[in-house]
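Everything below concerns the one structure shown next.
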There are 2 protein chains.
Amino acid sequence: MKQITKHNIRNSLRRIFLYHGLLVRLNTMGVTRVFSYTLAEGAGVTPEQVRKDFSEYRIRGNRRGGYLTVTLLSEMETLFNRDRISNVILVGMGNLGQALSKYGQFIQRGINIVASFDIDPYKQKARADSNVYPPGRLQEIIERFRVTIAIITVPDISAQEVCNDLVNMGIRGIVNFSPVLLKVPVYVVVNNVNLSDEIESVVMSVSRMKEE
Amino acid sequence: MKQITKHNIRNSLRRIFLYHGLLVRLNTMGVTRVFSYTLAEGAGVTPEQVRKDFSEYRIRGNRRGGYLTVTLLSEMETLFNRDRISNVILVGMGNLGQALSKYGQFIQRGINIVASFDIDPYKQKARADSNVYPPGRLQEIIERFRVTIAIITVPDISAQEVCNDLVNMGIRGIVNFSPVLLKVPVYVVVNNVNLSDEIESVVMSVSRMKEE
DNA sequence: TATGTTTTGTGATTTGTTTCACATTAACAC
DNA sequence: GTGTTAATGTGAAACAAATCACAAAACATA
């Protein structure tokens, strides 16, 4: 098989999401100004790390005065392209797919699932109100909504095939919940999320701890 | 607030889960022997990385002969404590909780959700067959099944509180799907999984790529 | 306007992780 | 047996990430 490099997601960016989450909460609590150590404390990192992360993305504060909550939020949100919300599609309406399509957190975070797809005609009919389409309409909807991001929640056997199709139809970012590591061209970003692994790694760490 | 250090999960261990997944598939395909580059190719890493990871966990192969699939699988599975399956509990039966409780991949991987909990009495009744209990019965069930691992899928506001309770009741490993970073004592392992972040980071990487 | 204090911003250093390079070993051919 | 080849296993080197340490800036106060 031809080696296709996966485009990975920067570490510091991951943490900036974390800071953003904290910041949203602080903001609703009426906090107007934060310091690197405020965020560090909440995120479980050092204040230097917070500042380095900001520095890397050209986010700057006020020496002595810290950061204004609203400014910081809007700078992050610009960074996240959150001024306009992100339209994504979801492929595979099994248990996980259905749960994600109803997951309230997403829209609060500017992630809008414009349509879901499944080969099962029953799932298409059963939820006619909830935008579940057959895969045949993928191309049309991707173009209509100018979607570039897809969430894959299909079974492992079909995941790579679905992925290839999506890439051919113009998808440039994929969040993959199926338990296979997808191969994509370099110009496509993939984030492989394996839920079993997430749980197993905790199981393992705990049993190792007991041994020691 | 007192700083409580989070016990993190080793990087190499994460990759070993990946290799394991590949290996299971190769094994069912009838492959009896693998090499470091076989796994490396499938996991998107270098062969040296694979060998280093194995080396770290005292998994050794046969020079020139590579690794026997079944031996490697059983070595990994011993490592994962997979000889006996892991009993876990799930707290919070919202959309995501329900999906996870029905997620077929888990049992295949030796993860057994012995009971689910929710404060909503409707959810307890509605699925009387499916082991949904009120939180009042947590202590009892944790002790009865000797559970040490919990999956948290409650709303963000109650997450830290639920977490504290669980730790007091003897839980030593937590997989947290609520969008807060849980603080736990050093002897507890936490894996914070934020689904919005997983998607957002892809959204962001894609929009950065377009700019360049 | 000068002085002290607080907090940022970032080069320098340390720590951690991945890759390189090659000695070591096992399998096989002859 | 003996030589050749194909793999592992691992110190050393290169690279990446996190922390340290301190200069620069902003503010308060006199």
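Residue numbering restarts at 1 for every chain, and letters A, B, ... go by the order of the sequence lines. If you're wondering where the values come from, they're calculated on a predicted model, not measured in any experiment. Just the heavy atoms: all of them, side chains too, but no hydrogens, waters or symmetry mates, feed the values below.
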Contacts under 3.5 Å, N or O only, protein and nucleotides 14-16 of chain C:
none

Could I get a table of every N or O pair under 3.5 Å where one atom is in the protein and the other is in nucleotides 18-20 of chain C?
{"from": "dT18(C)", "atom 1": "OP1", "to": "R15(B)", "atom 2": "NH1", "distance (Å)": "3.2"}
{"from": "dT18(C)", "atom 1": "OP2", "to": "R15(B)", "atom 2": "NH2", "distance (Å)": "3.1"}
{"from": "dT18(C)", "atom 1": "O5'", "to": "Q49(B)", "atom 2": "OE1", "distance (Å)": "3.4"}
{"from": "dT19(C)", "atom 1": "OP2", "to": "T46(B)", "atom 2": "OG1", "distance (Å)": "3.0"}
{"from": "dT19(C)", "atom 1": "O4", "to": "K52(B)", "atom 2": "NZ", "distance (Å)": "3.3"}

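Less than 4.0 Å separates DNA chain D from at least one heavy atom of each of the following residues of residues 61-69 of chain A: N62(A), R63(A), R64(A). A heavy atom closer than 4.0 Å to some atom of DNA chain D occurs in no member of residues 29-39 of chain A.
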Under 3.5 Å, which donor-acceptor pairs link side chains of residues 45-52 of chain A to any protein atom two or more places apart or in another chain?
{"from": "T46(A)", "atom 1": "OG1", "to": "E48(A)", "atom 2": "OE1", "distance (Å)": "3.2"}
{"from": "T46(A)", "atom 1": "OG1", "to": "Q49(A)", "atom 2": "N", "distance (Å)": "3.2"}
{"from": "R51(A)", "atom 1": "NH1", "to": "S36(A)", "atom 2": "OG", "distance (Å)": "3.0"}

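Taking a 6.0 Å sphere around CZ of R25(A), one finds it holds more than 12 heavy atoms contributed by other residues, nucleotides or ligands.
Scanning for ring-ring contact (aromatic ring centres under 6.0 Å, His included) contacts around Y67(B) gives F54(B), with sequence neighbours left out. Scanning for ring-ring contact (aromatic ring centres under 6.0 Å, His included) contacts around F145(B) gives an empty result, with sequence neighbours left out. For S74(B), the side chain to side chain contact (heavy atoms under 4.5 Å, CB included) criterion is met by no residue, not counting sequence neighbours. Shown here are the side chain to side chain contact (heavy atoms under 4.5 Å, CB included) partners of I107(B), two or more places apart in sequence or in another chain: N112(B). Residues passing the side chain to side chain contact (heavy atoms under 4.5 Å, CB included) test with I142(B) are I89(B), L138(B), L166(B), M169(B), I171(B), sequence neighbours excluded.
Counting only residues at least two apart or in different chains, side-chain hydrogen bond (donor to acceptor under 3.5 Å, both in side chains) contacts with residues 149-171 of chain A comprise Q160(A)-N164(A). A ring-ring contact (aromatic ring centres under 6.0 Å, His included) check over residues 95-115 of chain B, counting only residues at least two apart or in different chains, returns the pairs Y103(B)-F106(B).
Between the CG atom of L72(B) and the P atom of dG9(D) there is a distance of 10 Å, rounded to whole Å. Rounded to an integer number of Å, the gap from CZ of F54(A) to P of dA17(D) is 18 Å. Regarding I59(A), its CD1 atom lies at a distance of 13 Å from the P atom of dT10(C), rounded to whole Å. Across the protein-nucleic acid pair, R60(B) atom CZ and dA26(C) atom P stand 12 Å apart, rounded to whole Å.
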For this session: Carefully, step by step, assess I149(B) and V189(B) under the rule side-chain contact (heavy atoms from CB on, under 4.5 Å).
Result: CA-CA 9 Å; I149(B) 313 286; V189(B) 178; over 6 Å; no

Exercise. Are R15(B) and E56(B) close enough, and set up right, to give a salt bridge (Lys or Arg N to Asp or Glu O under 4.0 Å), and what steps lead you there?
Worked result: CA-CA 12 Å; R15(B) 282 191 300 269; E56(B) 186 156 2; over 6 Å; no

For this session: Apply the test side-chain contact (heavy atoms from CB on, under 4.5 Å) to residues I152(A) and I174(A): give CA-CA distance (whole Å), side-chain angles for both, the deciding distance (0.1 Å), then the verdict.
Result: CA-CA 7 Å; I152(A) 295 184; I174(A) 290 172; 3.7 Å; yes

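Partner M93(A) forms a side chain to side chain contact (heavy atoms under 4.5 Å, CB included) with one of L90(A), V91(A), L96(A) and no other, that one being L90(A).
Applying the 4.0 Å criterion to OP1 and OP2 of dG9(D), one finds that R51(B) has every side-chain N and O outside that range.
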